[in-house]
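Below is one structure, written out as structure tokens; the observations come after it.
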Amino acid sequence: GEAPPSPSAVTSARFLGLITETPEVRPGESAAIEVLWVDPAERAVTFAGWWCWEGPAVDPLRCDPAIAEGPLTPGRSARAWTVGPLRPPPGAREAIVVLEASLEGQRTSAFRRVGVRADGALHTPPELQAVTLRQGDRAVLVAAGDEVGVTDASFRVEVQGEAAAGAGPLMASFFATGGVFDPPRAVSPAPLVSRWSPRGAEGGEIWVLLRDARGGVRARTFRVRRGG
């Protein structure tokens, strides 16, 4: 039969992640959440958000508005939200944050956890040190928002990152609106590398997400166009 589509190919609207600079906060503090949502058709979408304390009877799939502690607070844009202040009840250490997207009558959701720690060092996201696009002998360091010209041949994307102490291993996920990545994700200690193939695409937008084992996420977005 026909091979299933690659998870790296962004062909329809979807969440790629919920990102925060503060995957852990002190009691009474809030965390800012950035929604990484992609729709190749660029249709109008509305978001709603809420949160629950995680516990024996509340897993991410059961955190809904009926049992939520409260809604998220909208930020300065439709992609920015705030959860908190987070004052955990006895025994609770993590809040489940849910974002729901409504698009043309259909709803889809994504979740992440935000930890609350009263003492000790707070966890910080991994450092995304470099994203390199390599094609033959040519290597290009890619910054956020760059557009890179490429030939019709495939190219490699290499990710360098460093996790905070005790937060490894790292995982890099690769997404594209044109072409596909193989493999769609890579996990350290193996090299965080994937190869993009055009599959007839003239280019498109690419996302690289770097995750650690404790909820830290970094993202970088850039564009490629075929033709050098």
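Fair warning: this is a prediction, and the values are worked out from it, not measured in the lab.
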Inset, instruction - Tell me, with the steps shown, if Thr108 and Trp37 meet side-chain contact (heavy atoms from CB on, under 4.5 Å). - result: CA-CA 11 Å; Thr108 185; Trp37 165 268; 3.6 Å; yes
On a heavy-atom basis, which atom in [X] and which in [Y] lie closest, and how many Å separate them?
| X | Y | result |
| --- | --- | --- |
| Cys52 | Asp64 | SG-N, 4.3 Å |
| Ile19 | Leu36 | CD1-CD2, 4.1 Å |
| Leu210 | Pro126 | O-CG, 3.8 Å |
| Pro27 | Ala118 | CD-CA, 3.7 Å |

How long is the gap from [atom1] on [X] to [atom2] on [Y], to the nearest 0.5 Å?
| X | Y | atom1 | atom2 | value |
| --- | --- | --- | --- | --- |
| Met171 | Arg185 | CE | CZ | 6.0 Å |
| Thr46 | Glu100 | OG1 | CD | 8.5 Å |
| His123 | Thr22 | NE2 | OG1 | 11.0 Å |
| Asp212 | Leu170 | CG | CG | 6.5 Å |
| Ile67 | Ile96 | CD1 | CD1 | 8.0 Å |
| Arg226 | Phe155 | CZ | CZ | 10.5 Å |

Inset, instruction - Kindly write out the residues that satisfy side chain to side chain donor-acceptor pair (under 3.5 Å) with Arg117, not counting sequence neighbours, or none if the list is empty. - result: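 Applying side chain to side chain donor-acceptor pair (under 3.5 Å) to Arg117 gives Glu24.
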Inset, instruction - Identify, with sequence neighbours excluded, every residue that meets side chain to side chain donor-acceptor pair (under 3.5 Å) alongside Asp182. - result: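 With neighbours one apart ignored, the set is empty.
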What residues, two or more places apart in sequence or in another chain, satisfy ring-ring contact (aromatic ring centres under 6.0 Å, His included) together with [X]?
| X | value |
| --- | --- |
| Phe222 | none |
| Phe175 | none |
| Trp81 | none |
| Trp207 | none |

Pairs flagged by salt bridge (Lys or Arg N to Asp or Glu O under 4.0 Å) wherever [range] is involved - sequence neighbours left out:
| range | result |
| --- | --- |
| residues 120-135 | Arg134-Glu158 |
| residues 81-97 | Glu94-Arg113 |
| residues 35-51 | Asp39-Arg43, Arg43-Glu104 |

Backbone N/O of [Y] and side chain of [X]: donor-acceptor pair under 3.5 Å:
| X | Y | result |
| --- | --- | --- |
| Thr177 | Pro40 | no |
| Asp146 | Val148 | no |
| Arg220 | Val142 | yes |
| Trp50 | Ala66 | no |

Inset, instruction - Determine whether Trp53 and Pro89 make a side-chain contact, defined as any pair of heavy atoms from C-beta on separated by less than 4.5 Å. - result: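 Yes; the side chains approach each other to less than 4.5 Å.
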Inset, instruction - Return the set of residues passing side chain to side chain contact (heavy atoms under 4.5 Å, CB included) with Arg112 (not counting sequence neighbours), or none when no residue passes. - result: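 In terms of side chain to side chain contact (heavy atoms under 4.5 Å, CB included), with neighbours along the sequence ignored, Arg112 is linked to Leu18, Thr20, Pro23, Ile33, Val97, Val114, Val217.
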Inset, instruction - Keeping to residues at least two apart or across chains, list the side chain to side chain donor-acceptor pair (under 3.5 Å) pairs with something in residues 161-174. - result: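 Pairs touching residues 161-174 that pass the test: Gln129-Glu162, Ser173-Arg211.
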Legend entry - Under 4.5 Å side-chain linkage, directly or through intermediates, the cluster mates of Leu122: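 Listed partners: none, Leu122 stands alone.
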Inset, instruction - Output, in order, the C-alpha distance, side-chain angles, deciding distance and verdict of side-chain contact (heavy atoms from CB on, under 4.5 Å) for Val159 and Arg218. - result: CA-CA 11 Å; Val159 179; Arg218 296 286 190 192; over 6 Å; no
Inset, instruction - Test side-chain contact (heavy atoms from CB on, under 4.5 Å) on Leu86 and Trp51 and set out the steps. - result: CA-CA 10 Å; Leu86 296 175; Trp51 64 280; 3.7 Å; yes
Legend entry - Residues Ile206, Phe181; criterion side-chain contact (heavy atoms from CB on, under 4.5 Å); working and verdict: CA-CA 10 Å; Ile206 287 176; Phe181 278 100; 3.9 Å; yes
In one Ile/Leu/Val/Met/Phe/Trp/Tyr side-chain cluster, 4.5 Å: [X], [Y]:
| X | Y | answer |
| --- | --- | --- |
| Val35 | Val45 | yes |
| Phe174 | Val180 | no |
| Leu72 | Val25 | yes |
| Leu209 | Val38 | yes |

Legend entry - Exceeds 12 heavy-atom contacts within 6.0 angstrom, atom CZ of Arg26: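 Atom CZ in Arg26 is packed in, count exceeds 12.
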